Amino acid sequence: PKPCEVTPAIITKSYACQRRTPLKHHNSFLTEPLEILAENAEFSENEGRSIAFRRSASVLKALPRAVRAMDELKDLPCLGEHSLRVIKEILEDGTSSEVESTRQSEQFQAMKALTGVFGVGVRTADRWFREGLRSPLDLVHTGQKLSHTQQAGVQHYNDLNTPVTKKEAMVISDIVERAVKAVLPGAIIILTGGFRRGKEVGHDVDFLITHPEEGAEERLMPKIVNWLEDQGLLLYQKTTRNSYLESKDGPARPPSNMDRFERCFSIFRLEQTKVDCDEHVDASSYNSGRTDGTEERHSGSSWRAVRVDLVVSPYSQFAFATLGWTGSKLFERELRRWAGQEKGMSLSSHALYDSKQQRYLQANSEEELFAHLGLEYIPPSERNA
Ligand code: DCP
Ligand code: MG
């Protein structure tokens with residue numbers, strides 16, 4: 001008979017893409033503090049440190065029960081000295097002094113507020129912080145020069161920092177479906193990102209669009225955008241063309257994590273029906289709670305701004321794009337690291353290149369992609385690394 005398995009399988013699985021990470025887990029009391037430190041490291045552009053904290057948190061999310069003592073952690077991968085110190089403090093005292101002082105720090109709070117503006121990255125936020133700016137309202141008052149994106153970000157700051165509910169995502173799905181079907185019958189539209197992983201709320205709604213006839217999807221985005229604009233549904237949009245074929249880096253090597261699909265970053269004007277407003281317990285609080293004057297809106301307004309990302313992929317790349325756009329961000333990063341370090345392959349949202357065989361591997365489904373990568377298939381709901 002098989003010996004009783006005393007060691008959880010997780011011990012040998014140091015890549016997040018080898019593990020099943022559910023959305024709801026037992027260790028938020030540890031993972032949330034670790035993710036504060038990860039975020040803070042991102043604010044100081046210390047990527048290595050940020051990833052180390054995110055990997056630690058991710059391992060704890062995959063555990064079958066709450067951690068109660070340090071010795072339960074001794075065989076787990078990815079837990080560095082610093083993370084272990086933080087965990088120990090929380091297990092002993094209930095909180096970590098480092099995490100709490102980070103949370104309270106002026107820099108952390110200002111960086112959070114400033115990077116919370118759509119179109120503002122860490123670099124810009126940090127420059128503003130060093131110039132003494134602390135909030136979106138400071139940007140308005142000091143007359144900062146803002147890009148069009150950032151102007152929209154400031155204008156809709158409160159709405160865009162109010163989590164999008166699944167129900168709102170479904171209403172937007174219906175709209176996107178109608179738009180796409182109107183301009184390209186037979187197109188396929190899927191919800192990706194956090195909502196595909198089963199999240200109840202998100203910071204935006206992500207869609208991937210394709211058509212079974214290769215080439216039919218070319219230049220589709222401007223048509224979708226025009227349709228939406230004609231209906232008065234867009235508050236902002238910026239479309240970038242597909243630059244995949246123009247890329248000199250080679251298909252599987254985009255210059256950054258960004259892919260090269262035809263893509264539209266947008267802000268939808270989402271009507272809130274009477275029924276929706278009544279059900280939204282906090283709808284009135286986020287409308288009347290606006291004390292910063294960043295958003296122009298008369299009381300009793302019946303709409304809100306929601307960030308929506310649209311991506312168009314050729315059918316031949318749809319499986320790659322689906323895998324690449326479902327996330328989580330850490331899961332994606334770990335997939336690419338696994339492919340490179342363990343398999344000698346290069347994975348992107350467009351393609352998978354096998355360096356040993358010196359050829360691209362085709363795939364028609366996510367299942368085939370996991371198989372190419374020598375990984376057990378992990379469904380979207382368990383990619384919440
Ligand atoms: N993505 C990625 N790397 C990035 C940005 C995005 O791998 N730098 C992929 C994985 C994400 C998906 O795109 O899951 C969508 O990006 P989002 O920022 O919208 O992230 P989520 O949808 O996962 O979460 P949220 O609820 O914050 O929208
Ligand atoms: Mg998203």
Side-chain angles (χ1 to χ4, degrees), residues 15-17 21-24 31-32 35 38-39 42 45 47 50-51 54-55 57-58 61 112 115-123 149 153 159-170 172-173 176 189-209 238 240 252-268 270 305-313 317-340 346-352 366 369 378-385:
Y15 291 82
C17 53
T21 313
L23 186 62
K24 296 200 175 88
T31 60
E32 277 166 14
E35 284 174 338
E39 199 174 13
E42 271 147 35
E45 292 187 73
E47 204 191 12
S50 150
I51 290 300
R54 291 211 185 272
R55 286 208 190 107
S58 184
K61 290 179 192 176
K112 192 130 177 101
T115 56
V117 177
F118 175 47
V120 176
V122 165
R123 291 261 167 85
T149 312
D159 275 357
L160 300 188
N161 283 283
T162 301
V164 186
T165 63
K166 190 181 262 174
K167 201 169 172 188
E168 289 169 327
M170 290 310 145
I172 292 173
S173 283
V176 170
I189 302 123
I190 64 163
L191 190 58
T192 58
F195 287 111
R196 182 161 187 254
R197 301 195 308 277
K199 280 179 69 175
E200 290 295 330
V201 293
H203 100 281
D204 67 358
V205 194
D206 306 288
F207 294 94
L208 180 61
I209 301 157
K238 188 176 162 193
T240 57
R253 289 164 214 277
S256 66
N257 292 343
M258 290 298 286
D259 58 58
R260 296 163 169 278
F261 292 118
E262 198 179 21
R263 177 169 179 181
C264 178
F265 302 88
S266 75
I267 302 176
F268 270 48
L270 181 64
V306 177
R307 274 273 299 115
V308 176
D309 269 3
L310 306 173
V311 177
V312 171
S313 143
Q317 297 173 20
F318 191 56
F320 301 87
T322 304
L323 181 61
W325 275 89
T326 298
S328 69
K329 285 189 190 82
L330 184 68
F331 193 90
E332 298 295 334
R333 178 184 265 276
E334 293 279 275
L335 272 175
R336 292 190 291 262
R337 191 168 70 95
W338 167 271
S346 173
L347 174 69
S348 76
S349 297
H350 298 276
L352 177 63
E366 288 184 315
L369 270 169
I378 310 280
S381 62
E382 294 181 298
R383 295 181 204 161
N384 288 291

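Since we're looking at a predicted model, the values are computed, not measured. First listed ligand is number 1; within each ligand, the first listed atom is number 1. Throughout, residue positions are numbered sequentially from 1 according to the sequence presented.
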* **For G327, atoms of ligand 1 separated by under 4.0 Å from a heavy atom** => 10 (C), 11 (C), 14 (O)

* Asked: ligand 1 versus R197, non-hydrogen atoms closer than 4.0 Å: side chain, backbone, both, neither?
  -> side chain

* **Contact check: D309 to the Mg ion (ligand 2), N/O/S below 2.8 Å** => no

* Counting each atom of ligand 1 from 1 as listed, which ones have a heavy atom of K329 under 4.0 Å away? -> 5 (C), 17 (P), 18 (O), 20 (O)

* Within the distance-only criterion (no hydrogens, no angle test), does the side chain of R197 pair as donor or acceptor with the backbone N or O of E382 below 3.5 angstrom? -> no

* **Of the listed options H203, R196, E200, closest to atom 25 (P) of ligand 1 (non-hydrogen atoms)** => H203

* Is there a side-chain contact between W325 and I190, using heavy atoms and a 4.5 Å cut-off? -> no

* Structure fact -> Atoms of ligand 1 under 4.0 Å from any heavy atom of T326, numbered from 1 in the order shown, are 14 (O)

* Nearest 0.5 Å please: distance from the CZ atom of R54 over to the NZ atom of K61. => 8.0 Å

* Structure fact -> Only residue of I172, T165, L160, T162 satisfying side-chain contact (heavy atoms from CB on, under 4.5 Å) with V306 is I172

* Rounded to the nearest 0.5 Å, what's the gap from OG1 on T326 to CD1 on I378? Could you check? => 13.5 Å

* To do: Please confirm whether G324 comes under 4.0 Å of ligand 1, counting heavy atoms of the residue only.
  => yes

* Could you list the atoms of ligand 1 found under 4.0 angstrom from a heavy atom of D204? => 19 (O), 28 (O)

* Name of whichever N/O/S atom of D206 is nearest to the Mg ion (ligand 2) -> OD2

* To do: Have a look at D204 and say which of its N, O or S atoms is nearest the Mg ion (ligand 2).
  => OD1

* Look at the aromatic rings of H350 and F261 and report parallel, tilted or perpendicular, splitting at 30° and 60°. => tilted

* Spell out, as yes or no, whether a donor-acceptor pair under 3.5 Å connects the side chain of N161 to the backbone of G116. => yes

* Asked: Can a non-hydrogen atom of V164 be found less than 4.0 Å from any atom of ligand 1?
  -> no

* **Spacing of CZ belonging to R333 relative to OG belonging to S328, to within rounding of 0.5 Å** => 11.0 Å

* To do: Please report the C-alpha distance between K329 and E332 in whole Å, then the side-chain angles of each, then the deciding distance to 0.1 Å, and finally whether the salt bridge (Lys or Arg N to Asp or Glu O under 4.0 Å) criterion is met.
  => CA-CA 5 Å; K329 285 189 190 82; E332 298 295 334; over 6 Å; no

* Structure fact -> Numbered in order shown, the ligand 1 atoms found under 4.0 Å of a heavy atom of G202 are 26 (O)

* To do: Run the numbers for me: atoms of ligand 1, each under 4.0 Å from some heavy atom of K199, listed by number.
  => 24 (O), 25 (P), 26 (O)

* Polar atom proximity, G194 to ligand 1 (N or O, under 3.5 Å) -> yes

* Counting each atom of ligand 1 from 1 as listed, which ones have a heavy atom of D206 under 4.0 Å away? -> 15 (C), 19 (O), 22 (O)

* Using only heavy-atom distances, determine whether the side chains of T322 and E366 contain a donor-acceptor pair under 3.5 Å. => no

* To do: Determine whether the side chain, the backbone, both or neither of E332 has a heavy atom under 4.0 Å from any heavy atom of ligand 1.
  => side chain

